[in-house]
Amino acid sequence: MNSQAPILIVGAGQAGVQIAESLRQEGFGGELLLIGEEPHPPYQRPPLSKKWLADGGSGSAVSLAIRGAEALARRRIELKLDARVAAVDRRAGELTFSNGERLRYGKLAFATGSLPRILPVPGAMLEGVLYLRGIADSRAIAEAIRRCAADQQRVVVIGGGFIGLEVAAGARKLGAEVTVIEGLERLMSRVTAQVVSEAFERVHRAHGVEFVFDAQVVELSGRGGRVELVRTADGREFPAGCVVVGIGVAPDDRIAAEAGVACDRGIIVDECSRTSDPVIAAAGDCTARRLPDGRLQRLESVQNAVEQGKSAAAALMGRSRPFHATPWFWSDQYDVKLQMAGLSHGYDQVVTRGDLHKPAFSAFYFRAGRLVAVDSLNRISDHMLAKRLLDHDLSPTVEQVTNPDFDLHGLVKQSA
Ligand code: FAD
């Protein structure tokens, strides 16, 4: 395949724009088209549940742009917006858009992102039940929160994960009363230790948020098609002016799967972002990455989209650029910044350093005596240190971490 044949990228988000720019950096000189179904040039999603929402969701879309249309044009990256790819014919090397238009490709990248999981209960699509993925969603949620604040109605958030908690913090800032309903026994329980969950619960409670734990939502109901009540399995009812659902996302692998590209809850890629089709790469939230031990790993983060995007561009140029960097992530809730380095699942010991109650501390996760992850709350230098330790496969001992006088930074310096 001629590497200068047109490359088409489906999905103009974080991963899509990275693939396009990295292709130019890798020396691709041919036609490059970035296709997005949304009306906006590529934009950052993280602020949509954080500052942008807490400021009322009325900021300009331009302030969220990853790269404006002009900057892309300078790199000869053509943007085709408001255009949904409906199908891929791999034998013909052709895309079909939802309006029937067709385009030929030489090589292709999927960067189609993910979609919010829909609450699987009656009433999940009533008016006033809101899901957060894009700019329009964040605007609608801010508007609904403001209405609740004005009418003294509660915002009910379903899901005590990152999105739910960030929305709860934004809603408090916008003046609404908030109830968070969580199915498990503590906040962010799939990704953090109890000590971190408890710190965030204290912070939210101090800001007036109410929590309901171990509660399964079984029905949303209302009048005139508009949500008014959230019912849980134990028979409790929670009046709601609006409901924001944050129960996770599912990879959007629909067109790839329909085209016969190997998928398993995500487009399966290797460490170089190559799919089962040699002329197709994929990056970002839409992928499931095959690990050396055969397991599939899904990460939904800006870092993953960027790094996989670079690998995908290299792969489309016939090069190998595996990505092994330590995963990192962040969340902002009120004035607490949570920064996470590494993946903590499977940990068997967690110890802390710092002040739990401020909060300004880090939780260090160990597996079989080795450091695997660190969550830092308002401890930016710990986070930077954690990334360096994990990047270099350096592990302090539990005793070193818990000794406030031990210089953990010294471990990195010694190894340099
Ligand atoms: P997206 O950015 O979702 O882009 C995919 C694009 O493809 C979308 O615009 C979609 O409309 C388009 N598309 C899909 N199918 C088609 C089609 N058939 N035709 C045309 N276009 C199509 N990550 C962090 O690291 N830190 C955070 O704090 C953080 N906060 C977040 C807060 C919110 C509210 C959200 C929604 C996400 C957050 N994330 C955060 C996750 C992060 O934004 C994503 O991991 C990242 O955007 C993934 O990039 P992507 O390019 O894979 O997907």
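Quick note: numbers below take in every heavy atom, side chains included, and nothing from hydrogens, waters or symmetry partners. As the structure lists them, so they are numbered: ligands from 1, and atoms in each ligand from 1.
- Between Asp285 and Arg133 there is a salt bridge, since at least one side-chain N of the basic residue sits less than 4.0 Å from a carboxylate O of the acidic one.
- Distance from atom 47 (O) of ligand 1 to its nearest protein heavy atom, with residue and atom name: Arg45 CD, 3.8 Å.
- Under 4.0 angstrom from ligand 1, the non-hydrogen atoms of Ala83 all belong to its backbone.
- Annotation for ligand 1: atoms under 4.0 Å from non-hydrogen atoms of Ser49 are 32 (C), 33 (C), 34 (C).
- Checked by atom type, the side-chain pair Gln303/Glu307 shows no donor-acceptor distance below 3.5 Å.
- Taking the side chain as every heavy atom from C-beta outward, Leu23 and Met317 approach each other to under 4.5 Å.
- Ligand 1 has no nitrogen or oxygen under 3.5 angstrom from a nitrogen or oxygen of Ser114.
- The residue from Leu338, Ile163, Ile255 that puts a heavy atom closest to atom 34 (C) of ligand 1 is Ile163.
- Taking 4.0 Å as the cut-off, Ser331 does not count as a neighbour of ligand 1 on heavy-atom distance.
- Against a heavy-atom cut-off of under 4.0 Å, Gly36 is close to the following atoms of ligand 1: 20 (C), 21 (N).
- Ring orientation note: the planes of Phe162 and Phe329 are tilted relative to one another, at an angle of 30° to 60°.
- Here is the list of ligand 1 atoms found below 4.0 Å of a heavy atom in Gly113: 3 (O), 5 (C), 52 (O), 53 (O).
- A donor-acceptor pair under 3.5 Å links the side-chain atoms of Thr112 to the main chain of Asp252, judged by distance alone.
- Here the protein heavy atom with the shortest distance to atom 15 (N) of ligand 1 is Thr112 CG2, 3.4 Å.
- Against a heavy-atom cut-off of under 4.0 Å, Glu38 is close to the following atoms of ligand 1: 8 (C), 9 (O), 11 (O).
- Of all the heavy atoms of Val249, none lies under 4.0 Å from any atom of ligand 1, so neither backbone nor side chain is involved.
- For atom 17 (C) of ligand 1, the nearest non-hydrogen atom from the set Arg84, Gln303, Arg254 belongs to Arg84.
- Ligand-side atoms of ligand 1 in range of Ala111: 5 (C), 6 (C), 7 (O), range being under 4.0 angstrom from any heavy atom.
- Set against the non-hydrogen atoms of Gly284, the atoms of ligand 1 under 4.0 Å away are 52 (O).
- Distances from atom 3 (O) of ligand 1 to the heavy atoms of Met340, Gln14, Glu166, Arg133 show the closest one on Arg133.
- Each of the atoms 17 (C), 19 (N) of ligand 1 lies under 4.0 Å from some heavy atom of Val10.
- Salt-bridge check for Arg146 with Glu143: passed, with a basic side-chain N closer than 4.0 Å to an acidic carboxylate O.
- Against a heavy-atom cut-off of under 4.0 Å, Leu132 is close to the following atoms of ligand 1: 34 (C).
- Remark: the Tyr334 side chain and the His204 side chain contain an N/O donor-acceptor pair separated by less than 3.5 Å.
- Between Ser301 and ligand 1, at least one pair of N/O atoms sits closer than 3.5 Å.
- Residues Gln18 and Ser22 have side chains that bring a donor and an acceptor to within less than 3.5 angstrom of each other.
- A salt bridge does not link Asp355 to Lys358: none of the charged side-chain nitrogens sits closer than 4.0 Å to a carboxylate oxygen.
- Nearest heavy atoms, Leu53 versus Ser138: CD1-O, 3.6 Å.
- A side-chain N or O of Ser362 and one of Asp382 form a donor-acceptor pair less than 3.5 Å apart.
- Of the protein's non-hydrogen atoms, Pro46 CG, 4.3 Å is the one closest to atom 39 (N) of ligand 1.
- Scanning the protein heavy atoms around atom 45 (O) of ligand 1, the nearest turns out to be Asp285 OD1, 2.7 Å.
- In this structure, the protein non-hydrogen atom closest to atom 7 (O) of ligand 1 is Gly11 CA, 3.2 Å.
- Asp391 and Lys387 are not joined by a salt bridge, as no carboxylate oxygen comes within less than 4.0 angstrom of a charged side-chain nitrogen.
- Taking the six-membered ring where tryptophan is involved, the planes of Tyr43 and His40 are perpendicular, since the angle between them exceeds 60° and thus also 30°.
- Ligand 1 lies less than 4.0 angstrom from a heavy atom belonging to Lys50.
- Protein heavy atom in closest approach to atom 41 (C) of ligand 1: Glu300 O, 4.1 Å.
- In summary, Glu300 and Arg45 do not engage in a salt bridge, as defined by a charged side-chain N under 4.0 Å from a carboxylate O.
- From the protein, the heavy atom lying nearest to atom 50 (P) of ligand 1 is Ala15 N, 3.9 Å.
- At a threshold of 4.0 Å, the pair Asp332-Lys337 counts as salt-bridged, since one of the basic side-chain nitrogens sits closer than that to a carboxylate oxygen.
- The shortest heavy-atom distance from Ala86 to ligand 1 is not under 4.0 Å.
- With Phe329, Phe162, Tyr43 as candidates, the residue nearest to atom 24 (C) of ligand 1 on a non-hydrogen basis is Phe329.
- Looking at heavy atoms from C-beta onward, Val243 lies in side-chain contact with Ile158 at the 4.5 angstrom threshold.
- Protein heavy atom in closest approach to atom 18 (N) of ligand 1: Val85 O, 2.9 Å.
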